[in-house]
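One structure is given below, encoded as structure tokens.
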Amino acid sequence: MDSASTHAYDDVRRPAPRAPRALATEAVHAGRDDLARQGLHAPPIDLSTTYPSYDSRGEAERIDAFATTGAEPDGPPVYGRLGNPTVARFETALARLEGTESAVAFASGMAALTAVLLVRAAQGLRHVVAVRPLYGCSDHLLTAGLLGTEVTWTDPAGITDALRPDTGLVLVESPANPTLAEVDLRAVAHACGSVPLLVDNTFATPVLQRPAAAGARLVLHSATKYLGGHGDVLAGVVACDEEFAGRLRQVRFATGGVLHPLAGYLLLRGLSTLPVRVRAASATAADLAGRLAADPRVARVHYPRIGGAMVAFEVHGDPHEVIAGVRLITPAVSLGSVDTLIQHPASISHRIVDADDRRGAGVSDRLLRMSVGLEDVEDLWADLDAALGAAAQVGGRTRSTASSGV
Ligand SMILES: *Cc1c(COP(=O)(O)O)cnc(C)c1O
């Protein structure tokens, strides 16, 4: 291998720069530190599925080393399922933003959570302690025991008592999907003792909250949401220490939930505007939360103390009519895009959760969840105002059916 290609592969994974840099700086430079010296500005996309090697003795050693620790092989990957240089740039950047040693990317947020559960199950630790609400599919994955895990649901104060010798993981979301309920991450991390705490940081992003600094061993993102930020990439990532990252890479290699290099490229590009997008959308969301709280057609507004671009609210009228009434805002699941989306959790994102469990977790049948984008606040309010008006009229006529549940 010539020195140019050694340079190209190894520098992607280069450790932290000379001095600590602010989040806004990391967002545009992390994962790109080698580019200028390579004579490049935009990161290259490596679409290779396989990599040539004339030294099969050397390959055997590299494969043995990966089987032992899960550390990324020095030099080019052996095969695309083992690693990819473009995806590695995104992983490097996200680890830097979350303040962890490493990060491991997956094909979706659910693939990322699956890999974490499989790492622990393979160590004989099949019991999970979790706090509701969680994203609907995360709740379902645990409740259904699809991966052979067993879950105990508790509130943050009950975590220590719920721990067992075979507990492999404690799982929380904060702010949680869809109610935006918050937990005290430091207190929860303390309650976990030596059991790894996984914080799903999808809603807050590292711009508003860095769970690793509060004691979380694992920080999970549905990168489909704010990290990608434009509604065109499905991805997941776990930021953690290098030891756990090695286990995650081994599971990813064995089960195949890899991220496509094009998605890795788009995510790295998305990260560069993450702080600007999150701050701008959060300012608009806080403004809309205030207007909704003052509106007589709205029964309750949920907006987190740490802020953010998500707003949830319960209406007096029929929530389905609000969804039917929006014109600028798009009625759709998912979140974290540049445009504003609204959806009815009891019908869609949290439909898969048993109705009693859902309501017990504070997800009312009248709750709407809105992901605020980058549009002008007055245009958004005009659209919401009209949709709320339509819902109040219909709701007035059909109050008895609306209140009988969804
Ligand atoms: C969307 C979401 C997930 C699942 O991520 P996918 O990328 O859709 O697989 C997990 N957690 C939270 C909080 C989410 O919003």
Side-chain angles (χ1 to χ4, degrees), residues 87 90 94 98 103-118 128 130-144 146-147 151 169 171-183 185 197-206 208-209 211 216 218-239 248 252 255-260 263-264 266-267 270 278 281 302 304 306 308-312 332-337 341-345 348-353 358 361-363 367-372:
V87 172
F90 163 66
L94 195 267
E98 285 289 4
V104 184
F106 293 88
S108 70
M110 292 316 301
L113 179 57
T114 294
V116 171
L117 294 173
L118 289 177
V128 177
V131 175
R132 279 189 168 123
L134 296 178
Y135 169 65
C137 223
S138 304
D139 187 313
H140 172 67
L141 184 61
L142 294 173
T143 305
L146 284 179
L147 298 169
V151 64
L169 193 71
L171 175 51
V172 302
E173 277 180 29
S174 187
N177 191 347
T179 59
L180 309 178
E182 289 170 279
V183 301
L185 295 183
L197 169 65
L198 183 150
V199 175
D200 185 327
N201 203 30
T202 299
F203 275 33
T205 82
L208 300 177
Q209 166 178 287
L218 304 158
V219 182
L220 183 137
H221 283 271
S222 168
T224 311
K225 316 294 171 51
Y226 290 100
L227 305 188
H230 295 73
D232 54 7
V233 189
L234 206 60
V237 63
V238 181
L248 288 171
R252 182 176 65 179
T255 59
V258 293
L259 187 68
H260 192 273
L266 288 169
L267 287 169
V278 168
H302 306 249
I306 64 160
M310 299 298 298
V311 182
V333 280
S334 199
L335 55 115
S337 189
L341 307 177
I342 194 166
Q343 64 107 14
H344 182 234
I348 308 185
S349 67
H350 289 69
R351 188 71 189 171
I352 200 164
V353 180
R358 194 168 64 222
V363 185
L367 186 80
L368 292 162
R369 190 196 73 190
M370 183 165 68
S371 165
V372 177

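None of the values given here were measured: they were computed from a predicted structure. When a ligand or atom number is given, it counts from 1 through the structure's own listing order.
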Considering only heavy atoms of [X], which atoms of ligand 1 have at least one such atom less than 4.0 Å away?
{"X": "Ala235", "value": "7 (O)"}
{"X": "Glu173", "value": "13 (C)"}
{"X": "Asp200", "value": "10 (C), 11 (N), 12 (C), 13 (C)"}
{"X": "Phe203", "value": "15 (O)"}

Less than 3.5 Å between some nitrogen or oxygen of [X] and one of ligand 1, yes or no?
{"X": "Thr224", "result": "yes"}
{"X": "Leu335", "result": "no"}
{"X": "Asn177", "result": "yes"}

Looking at [atom], what's its closest protein heavy atom, distance included?
{"atom": "atom 2 (C) of ligand 1", "answer": "Lys225 NZ, 2.5 Å"}
{"atom": "atom 8 (O) of ligand 1", "answer": "Ser222 OG, 4.0 Å"}
{"atom": "atom 4 (C) of ligand 1", "answer": "Tyr135 CE2, 3.4 Å"}

Start with the C-alpha gap between Val363 and Arg132, add the side-chain angles, then the distance that decides, and say whether side-chain contact (heavy atoms from CB on, under 4.5 Å) holds. CA-CA 10 Å; Val363 185; Arg132 279 189 168 123; over 6 Å; no
Write down the atom of [X], the atom of [Y], and the distance for their closest heavy-atom approach.
{"X": "Leu341", "Y": "Val333", "result": "CD1-O, 3.6 Å"}
{"X": "Glu173", "Y": "Tyr135", "result": "OE2-N, 2.5 Å"}
{"X": "Ser174", "Y": "Leu185", "result": "CB-CD2, 4.2 Å"}

From His221, Arg369, Met310, Met110 - option closest to atom 9 (O) of ligand 1 by heavy atom: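 Result: the heavy atom closest to atom 9 (O) of ligand 1 is in Met110.
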For Ala111 and ligand 1, answer yes if some heavy atom of the residue is under 4.0 Å from a ligand atom, otherwise no.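 No; Ala111 lies far enough from ligand 1 that no heavy-atom distance drops under 4.0 Å.
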Do [X] and [Y] have side chains that approach each other closer than 4.5 Å (heavy atoms only, starting at C-beta)?
{"X": "Glu98", "Y": "Pro211", "result": "yes"}
{"X": "Thr202", "Y": "Asn177", "result": "no"}
{"X": "Leu141", "Y": "Leu147", "result": "yes"}
{"X": "Leu146", "Y": "His140", "result": "yes"}

